[in-house]
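Notes follow the structure.
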2 protein chains.
Amino acid sequence: MATGRTDPERRDRIIDAVLDLIVDEGVAGVSHRKVAARAGVPLGSMTYHFSGMDELLHEAFTRFSGTIVAVFEERLGAASTPDEAREAVADLVHHLSGGNQRELILTHELYTLAARRPAYRELTRTWMGRSRRALEWHFDPATARQLDALIEGLSIHRALETEPHERALTVEAIARITAPDPAGPRGAERG
Amino acid sequence: MATGRTDPERRDRIIDAVLDLIVDEGVAGVSHRKVAARAGVPLGSMTYHFSGMDELLHEAFTRFSGTIVAVFEERLGAASTPDEAREAVADLVHHLSGGNQRELILTHELYTLAARRPAYRELTRTWMGRSRRALEWHFDPATARQLDALIEGLSIHRALETEPHERALTVEAIARITAPDPAGPRGAERG
DNA sequence: GCCCGAGGCGTACGCTCGTACATTCTCCTC
DNA sequence: GAGGAGAATGTACGAGCGTACGCCTCGGGC
């Protein structure tokens, strides 16, 4: 029996504030008080809308991973040949490891939680599964799996480097991992 | 002018306790009190031996990354052909992503710090640099860089999966990324 | 035998935190 | 306009925190 007085945007604004705060100070720096201040809501709202810290974080990372994977699917969906898919993958690597610290930080914070806690590992598994399925639009499952791992590693390393590697290196690595296996029983490409 | 009464093992024991505590509760769960209790030293020792929380963490992760990279170098140093090197790399991936949650957790905690703070990024850069140099004992620099990223991605993804991928997939990915480039100007192998 | 200085430690201060809960507010019903 | 139900909030409590700092302890110099 909603009276209509409730503010449906409030939860969303709180989640937004949580993500911003994680970027600025890390999961460790998130507190109900800081989130409330940033979202412009009273402290009491925090316990009213969320059962506790954990629901807050879980919901925030659910939204975040959903956003990232959507970009991934969109870019790969727009490709219509394996070569276009390779280009899209290179774009994604360089987008993820580019200037935007935001996604990098949030990803690592999530992985750190996932390494210890099953509820968050579930989140990363869903994410990985959807990424792979998108890659399988263009490549066979084994290749998709390898390529997914390569994307991960290239993005992380590139973001941590003093002099980020150039696009040519990314492109070459992608070409190698998706190259048809000369001696193997199957080709890597589908399209 | 040391009087000889100082306990040189104390610092080490404290660092050990810090790493154990990070594994159990994460960087966020580390406090002077908990570390002191675990190391069996009085609380006052913490501020006496370390300037603060940050020195504690930085020293702990310095030791950790040194340990990991030493294993890496040892395994790759024992290989004398590119094929043996490939086997060693596969071993390392499956060792890192195997049952031992410890190294996985510590790695992610470090990366999370590195994503936000330059002092820790320096640590990861040194680590990456040494790993690459070890890979360059067997492969050319560009391949070493790509392989290093692949190792990272495979380890992370394998550790997060419900059903970790089998060795064959790892081996295939390594073979692909280190395969001599048929059309390229240079082979990937050195040895 | 006495003292002194460095090594080592216990304690207390000031702060932030999560959360429970009594209270206030707002709008609908009659 | 009175009443009430449910939404929203302010506040206070108990706990844990980092760290500063005064005190103790003890080996060595004389």
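The sequence lines fix the lettering, A, B, ..., with proteins before strands; numbering per chain opens at 1.
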In chain order, what residues pass the side chain to side chain contact (heavy atoms under 4.5 Å, CB included) check against Ala60(B), with sequence neighbours excluded?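 Applying side chain to side chain contact (heavy atoms under 4.5 Å, CB included) to Ala60(B) gives Ile15(B), Val18(B), Leu19(B).
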Between P on dC17(C) and CG on Leu57(A), what's the gap in Å once rounded to a whole number?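 So the CG-P distance, Leu57(A) to dC17(C), works out to 14 Å.
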Grab the CD-C1' distance between Glu55(A) and dT19(C) for me, whole Å please.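 So the CD-C1' distance, Glu55(A) to dT19(C), works out to 14 Å.
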Which letters describe nucleotides 9-21 of chain D, given B = protein heavy atom under 4.0 Å from base, S = only from sugar-phosphate, - = neither? BBBB----BBB--
Ring pair (Phe, Tyr, Trp, His ring centres under 6.0 Å) with Tyr111(A): which residues, sequence neighbours excluded?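 If we apply the ring pair (Phe, Tyr, Trp, His ring centres under 6.0 Å) test to Tyr111(A), skipping adjacent residues, the hits are His108(B).
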Output yes when Arg116(A) and Glu25(B) qualify as a salt bridge under the 4.0 Å nitrogen-oxygen rule, no when they do not.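 Glu25(B) and Arg116(A): not salt-bridged.
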Answer yes when Arg132(A) and Glu161(B) have at least one side-chain N-carboxylate O distance shorter than 4.0 Å, and no when they do not.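 Yes, Arg132(A) and Glu161(B) are salt-bridged.
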Do Ile174(A) and Glu87(A) touch side chain to side chain, with heavy atoms closer than 4.5 Å?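 Sidechains of Glu87(A) and Ile174(A): no contact.
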